Every structure is written in C-alpha cells, then in structure tokens.
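Structure first, then comments.
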Amino acid sequence: MLVLSRKVGQSLVIQEDIVLKVVSIDGENVKLGIEAPKHISIYRDEIYESIKSENKGAVLNQKEIDLQELATLLMQSKHAAEDQDA
Amino acid sequence: MLAQEKRKVSTPAASTVRFVRDIPGFSGIQHYKILEPAEGTPFYRLMPDSEEFSFLLLHTFDYFGDYDFELPKQEQDLLQLNKESKILVFSIVNWGSGLKAATVNLKAPIVVNPANGSALQIILDTEMYKVKEPLLPAIMKSR
C-alpha cells in the first residue's frame, strides 16, 4: 500500500483524471473530496462490501429453477396467511 | 428525475440488457438477459449470457408502493436518460433457505433504461431502505 502525507486542502491525482482532496480533518473524521469521470463508481467500502456479499448470496446456481414450485409455495403461504386472518 | 414515476413499461419475454457498470461482486460481466416471470410467480430472472447462474428479481414498485429514490445525474447520464425517459426498477431477491426467509434488497436496486437496454445497480445513499427487507409481507400485502 502506498502511503502519502497530505495537509488539508492538498490533493493527489490517480491515473490523470481522478483527484482526491483532503477537505477537512476533525478529530478522527477526515472529509475527502473526489473528482472522477462518471463511469468510475465510488462507494464507502463497508457499504460496497455489504452489497457485494448480498449479491453473491442472492445468486441461484442452477440454470433452471422450478418457478412452479415457487408459485405453489406462494399460494400455500397466501392461504396459510388467510387462515390465520380468519 | 424521480423513480417514483410508476408508469408501466412492458418488457419483451426476454430482453437483453447491458450493464454500463459491473454489478458489485460480478466484475467483467456486462451482458445479461431479463426473463419475464413464469405464470403465477412475481419473479423476473436476470441471467448473464455466458454464465450459468441467475438472480431472482422483483418489479419493486409492484410490491413496495411507497418506494422512491432520486437517480443521481451521474447514473442518469450513464443510462442515457432524458426528461421523457421511462425506467424500470427491479430489486434482487435473496431466496435464502426458502420463502419465509427470503429478502429483497431495497438498498441497491437495478435500474434499466428500456429504450436502449442499458442497466446498472445503484447503491442508494440512504438509511431508509434495507439490504434485507423481508419478502413475504410485501407479497402478501400486494395481493
């Protein structure tokens, strides 16, 4: 990992078109300003990781899943819920 | 542009979409198809052209009527949307161990521009919507 020292107001440039600027420092909080081309997506690491892991967990590995079974399950649940309501 | 415009846009039985930004966790895969729900089920399917897996999708507004978010300019540009553009919004379903455990990812919807087939998954910068919203209550409520 490359480690660089920067003061408030100073920037660094990544790949010519991404600029990362230290906007302010308040105790443990560092505010960063980022300028990047619009195809570059920028996320807070922990949020990105949570979506990534959610996506991976949501994958169905079989090419064909039995949607009829899902339909039946839905109907059964619906009836069960109605019975509970009654 | 607000995604709460709930105009219905019909999709063909299998429409091809191109992700203009990789789905987090699935880098390098741009081309997918979206399959219409099978009779009696609410689930669309998102399948890559080249890979043997799929995601279950829900047409979000059909089940979460109050759902809304603002699509940032950057994403609008990536999808080449203009003021008149209609969009489709889907949420990924995590089936987990079965219907009762299934959840819907409202935090990171999939947005499609049906006019040009471009798509992306956006991560909403809000605490309002959860990554794991229970599926079953939403389905029951909508019936």
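Not measured: the values here are computed from a predicted model. Convention: sequence-line order gives letters A, B, ...; per-chain numbering from 1.
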> What part of B/K73 lies closer than 4.5 angstrom to a heavy atom of chain A: side chain, backbone, both or neither?
Replying inline: neither
> Got a second to check how far B/Q74's CD is from A/I40's CD1, nearest 0.5 Å?
Replying inline: 9.5 Å
> What distance do B/I122 atom CD1 and A/Y43 atom OH have between them, rounded to the nearest 0.5 Å?
Replying inline: 7.5 Å
> B/E75 versus chain A, heavy atoms under 4.5 Å apart: side chain, backbone, both or neither?
Replying inline: neither
> Does A/I34 belong to the same Ile/Leu/Val/Met/Phe/Trp/Tyr cluster as A/L4, with side-chain heavy atoms less than 4.5 Å apart forming each link?
Replying inline: yes
> Can you get from B/L124 to B/V20 by hopping between Ile, Leu, Val, Met, Phe, Trp and Tyr side chains that sit under 4.5 Å apart?
Replying inline: yes
>> Grouping I, L, V, M, F, W and Y whenever their side-chain heavy atoms are under 4.5 Å apart, do B/V131 and B/Y129 come out in a common cluster?
In response: no
> Which distance, rounded to the nearest 0.5 Å, do you find between the NZ of A/K38 and the CD of B/Q76?
Replying inline: 10.5 Å
>> Is B/V93 in contact with chain A via its backbone, its side chain, both, or neither, using a 4.5 Å heavy-atom distance?
In response: backbone
> What is the distance from atom CD1 of B/I123 to atom OG of A/S41, rounded to the nearest 0.5 Å?
Replying inline: 8.0 Å
> What do you reckon, is CD of B/E127 surrounded by more than 12 foreign heavy atoms closer than 6.0 Å?
Replying inline: no
> Looking at side-chain heavy atoms only, is the closest gap between A/I51 and B/N105 below 4.5 Å?
Replying inline: yes
>> Is it true that, when you exclude B/D22 itself, more than 12 heavy atoms of the residues, nucleotides or ligands shown sit nearer than 6.0 Å to its CG?
In response: yes
> So do A/V59 and B/F55 actually touch side chain to side chain, heavy atoms under 4.5 Å?
Replying inline: yes
> Should A/V19 and A/L32 be regarded as members of a common hydrophobic cluster, given that ILVMFWY residues are connected when their side-chain heavy atoms come within less than 4.5 Å of each other, either directly or indirectly?
Replying inline: no
> Are any of the side-chain heavy atoms of A/K56 and B/F26 separated by less than 4.5 Å?
Replying inline: yes
> Should B/L106 and B/M128 be counted in the same cluster of Ile, Leu, Val, Met, Phe, Trp and Tyr side chains packed under 4.5 Å apart?
Replying inline: yes
>> Surrounding CD of A/E35 (heavy atoms of other residues, nucleotides or ligands, distance under 6.0 Å), is the total greater than 12?
In response: no
> Can you check whether B/P24's main-chain N or O pairs, donor with acceptor, with A/N55's side chain at less than 3.5 Å?
Replying inline: yes
> Has A/K21 got more than 12 heavy atoms of other residues, nucleotides or ligands less than 6.0 Å from its NZ?
Replying inline: no
>> Please classify the contact between A/Y48 and chain B as side chain, backbone, both or neither, with a heavy-atom cut-off of under 4.5 Å.
In response: both
> Side-chain contact, heavy-atom cut-off 4.5 Å: A/E54 with B/I92?
Replying inline: no
